[in-house]
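Report on one structure; see the data block that follows.
In listed order, ligands and their atoms are each counted from 1.
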Amino acid sequence: MGYIFALHCGFAFIFLTLGPVIADVNYSMSEEMKRGSVIGNIAKDLGLDLGRLSARKARIDTEDNSVKYCSVTLNTGELIVQERIDREGLCAKKALCVLKQELLLENPLELHRINIRVQDINDNSPLFKEDTLKIEIQESADNGERFLLGEAHDADIGENAVQSYSLQQNDHFKLNVNTNAGGRKYCELVLDKELDREDKKEIALLLTAFDGGSPQRSGTVVIHVTVLDANDNVPVFSQNVYKATMPENSPLETLVIIVSATDTDEGLNSEITYGFDHISGESSDVFSLNPKTGEVRVAGPIDYEKVSSYEMHISAKDGLGLVSYSTLNVEVTDMNDNAPVIYLKSLSNPIPENASPGTEVGIINVQDRDSENNRQVRCSIQQGVPFKLVPSIKNYYSLVTTGQLDRELVSDYNITITVTDEGSPPLSSSKTVHLSVADINDNPPVFEEQSYSAYVSENNKPGSTLCSVSARDPDWRQNGTVIYSLLPGEVNGAPVSSYLSVNGDTGVVHAVRSFDYEQFRSFKVYVMARDNGSPPLSSNVTVSVFISDVNDNSPQILYPSLEGNSFMTELVPKATHGGSLVSKVIAVDADSGQNAWLSYHIVKSTDPGLFTIGLHSGEIRTQRDISESDSMKQNLIVSVKDNGQPSLSATCSMYLVISDNLAEVPELKDLSYSDSNSKLTSYLIIALVSVSTFFLTFIIIILGLRFCRRRKPRLLFDGAVAIPSGYLPPNYADIDGTGTLRSTYNYDAYLTTGSRTSDFNFVTSYNDNTLPADQTLKKSPSDFADAFEEFEGDSEV
Ligand SMILES: *[C@@H]1O[C@H](CO)[C@@H](O)[C@H](O)[C@H]1NC(C)=O
Ligand SMILES: *[C@@H]1O[C@H](CO)[C@@H](O)[C@H](O)[C@H]1NC(C)=O
Ligand SMILES: *[C@@H]1O[C@H](CO)[C@@H](O)[C@H](O)[C@H]1NC(C)=O
């Protein structure tokens, strides 16, 4: 405006200089007239010459070349509408709207102002800013509460602007129209009747604004009333009680159940949060409840054996804290998750091996923590042991023996008890019971051999080992400790302990003394083996001791007498022919076998060609007839040797007198008389010869008889003259039970001597292995010594 005004001043200035401005013309017109509509006749109003209008180039001009709304019709001089004239566009809400145009004429230059007052017509309707108006109202809002709706706008002015409002008929709201300070009308919604969202949650209302034009125009807006929820409903669980079953040991996160509650409220008020309510600490570890979804899941170990059912209170809470409750019962079902357990309640260990079958050895108890079938158990032990399980009162079993035990066979048992329940799959467990069998002294010691034999050479050293016995006892410790001892007894009248001793621990048998084969060749003793049990058990065994011969006896010459000063002479008749038996050397050897096999040799003789001696018989025979020239006194030195290794020998001298008559032998006196005993000696010689002759005959008869009836070997030890009718060397044929050679003497002997002490001592039955010491050669040496003091015989050992 200021600008226009300035321009206007400029024009005014131009007018002042270029020509005068004649007049202002005022017109009034309605807006929105059609193009070409006549506003007025400007030529007429200004008094212009119509004919010169075109010559003067009359035209409408505007300041600053803006829109030319009008134009001049040159031939009529009318001002017509050239462009659409919109009052609202030109002047908006201004009450007076003037459109200024200028009429320019040339020749002479004239400028006329044309003021066209543009009048409003009701060409605009009231308009609301939006098509719909959204209002949210709490359902709990009170009656009379107001909600501002705003206003409608109408581009027109005056009466053509908004004049009134009206609200669609409805149950809840009224309209209240106010005028603000600027005079504009606005409206409010007033709650007339309470809302219930659950009944009607949206209300649509049509609000209409009217202007005052004619015709009247209106504008509408739809009011969407959204009834906001007030939390007036509690959540409701779908069930009062939820029930679920759950196998124990279910893995974590397993879904148990989904609880759900509904709330008819809306939004936050229906957002339900689930939770456990007043839950005991135990259950809270076991289950979890998703607060949003209501899913109950496993959150911890479920053990039927601990808790078999759970009862939990669950709550559902909506956004503003209204709560309701329900109950969740979870029944846990048993799984066979506990193996049966074996408890050894008592055990007699060790058990004596003589426990009778059926003896109760132990008591076991079996427990299974599961229930029903899962706790039914079967109990067994392995095969092949002499034990069994006897079911007793509930889940108790006795372990009893089924047979006789023998510690020496099986000294301990590992009894494996196996128990299985009837679950599916079944569980089992086992327990091994170690049972020892205690020893009872039920085995006597047993010798390893039925009998023992010991072989020992005579003259053994006292203390030498003969043999060793050994017995075994399978019992335990002292019940199986073997102690050896000699059973008391006698050997040849002497206690066995004087012959043998046995080492109590080792069973080695020792000789206590030196044995003499010539005394006895064998003997038996009993050795007892005894264990150390209580009472002890024992057994005995025979130990046979066989003594073997050693060549420890030199031959013993019985005839002629051995004594050096004995007097022994054989009378050989002068008429003796060659080959005649004139005498015999009789010798014995206390040894046996080869050691007693004697051989005879003449080692020295007066006339070597005259006499021979039988190698084994000892018979002295003439080799030739005796002639006159032979010396009357013949002396032979005979050696007797045994066959032992080394051999032993003895020698003797034999005096032979070749004479028919003893009286013819004067030298004999010299030979045989001793100084002191000459008279006695003569007497003895006479007696000897006569008795010899007599008994020679007698003994031949006896020997003949005995030889025929010979049943047992005999041995003659006593006597001065012996003529064997059996044979020497001894008979080796007899082998006695011990397997050793034994000689049997087959002497048949008689005795003829001139000795006054001579007697006939015939030992009839002297066959055995022993040779009594006191009988051996009892009389001969000393007795003959008395008789033949001058005998030169010499014995060497
Ligand atoms: C019993 O078991 C023990 C230890 O396992 C073992 O030393 C012993 O030899 C076993 N006895 C038997 C008779 O199997
Ligand atoms: C030996 O046997 C007896 C019974 O005969 C028994 O009482 C004892 O315990 C046994 N001794 C040992 C070491 O086993
Ligand atoms: C030795 O044992 C036998 C049987 O083995 C028995 O008959 C005998 O009486 C025992 N002798 C002694 C002295 O114990």
Side-chain angles (χ1 to χ4, degrees), residues 339-368 377-392 395-421 426-449 468-487 502-508 526-541:
V341 184
I342 300 169
Y343 295 98
L344 192 60
K345 290 293 183 189
S346 77
L347 182 69
S348 333
N349 189 23
I351 36 170
E353 56 180 325
N354 62 356
S356 54
T359 304
E360 186 176 85
V361 172
I363 294 174
I364 64 163
N365 176 233
V366 179
Q367 290 175 14
D368 193 313
V377 292
R378 273 166 305 156
C379 212
S380 63
I381 61 172
Q382 85 266 35
Q383 300 288 305
V385 290
F387 296 95
K388 67 174 178 185
L389 281 177
V390 178
S392 178
N395 282 355
Y396 276 86
Y397 297 83
S398 304
L399 183 65
V400 298
T401 58
T402 57
Q404 198 63 54
L405 305 176
D406 186 357
R407 192 202 65 85
E408 286 72 39
L409 283 179
V410 186
S411 65
D412 58 347
Y413 293 92
N414 285 336
I415 300 168
T416 305
I417 302 164
T418 309
V419 58
T420 310
D421 64 24
L427 294 177
S428 66
S429 65
S430 65
K431 188 183 190 77
T432 298
V433 177
H434 185 252
L435 261 184
S436 312
V437 181
D439 189 43
I440 292 293
N441 193 22
D442 55 353
N443 289 284
V446 174
F447 281 98
E448 284 174 355
E449 289 174 26
S468 84
V469 296
S470 139
R472 297 199 178 280
D473 188 327
D475 286 326
W476 179 245
R477 295 264 163 91
Q478 68 257 37
N479 291 343
T481 306
V482 179
I483 300 159
Y484 303 94
S485 60
L486 275 179
L487 280 185
V502 61
N503 184 312
D505 297 330
T506 62
V508 174
Y526 288 97
V527 173
M528 179 174 76
R530 176 177 63 82
D531 61 29
N532 221 357
S534 165
L537 297 175
S538 66
S539 61
N540 59 47
V541 75

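- Considering backbone and side-chain N/O of Asn414, one or more are found under 3.5 Å from N/O of ligand 1.
- Between Glu353 and Gln404 the shortest side-chain heavy-atom distance does not fall below 4.5 Å.
- Between Met528 and Tyr484 the shortest side-chain heavy-atom distance does not fall below 4.5 Å.
- Residue Asn479 approaches ligand 2 through these ligand atoms, each under 4.0 Å from one of its heavy atoms: 1 (C), 2 (O), 3 (C), 8 (C), 10 (C), 11 (N), 12 (C), 14 (O).
- At a distance under 4.0 Å, a protein heavy atom can be found next to atom 2 (O) of ligand 1.
- Below 30°, between 30° and 60°, or above 60°: for Tyr413 and Phe387 the angle between ring planes is above 60°, a perpendicular geometry.
- Nearest heavy-atom pair, Tyr397 versus Cys379, reported as atom, atom and distance to 0.1 Å: CZ-CB, 3.5 Å.
- Side-chain contact between Ser380 and Leu389 is absent, with no heavy atoms from C-beta onward closer than 4.5 Å.
- The distance from ligand 2 to the heavy atoms of Arg477 drops below 4.0 Å at these ligand atoms: 13 (C).
- The protein heavy-atom contact nearest to atom 9 (O) of ligand 2 is Asp439 O, 4.1 Å.
- Using a 4.0 Å cut-off between heavy atoms, Asn441 contacts ligand 2 through both its backbone and its side chain.
- Using a 4.0 Å threshold on non-hydrogen atoms, atom 5 (O) of ligand 1 does not count as touching the protein.
- Atom 11 (N) of ligand 2 is flagged as protein-proximal [any protein heavy atom, distance under 4.0 Å].
- In this model, a donor atom of one side chain and an acceptor atom of the other lie less than 3.5 Å apart for Asp531 and Asn441.
- Less than 4.0 angstrom separates some heavy atom of Asp412 from each of these atoms of ligand 1: 11 (N), 13 (C).
- Contact of the Lys431 side chain with the Leu344 side chain is registered, since non-hydrogen atoms from C-beta on lie closer than 4.5 Å.
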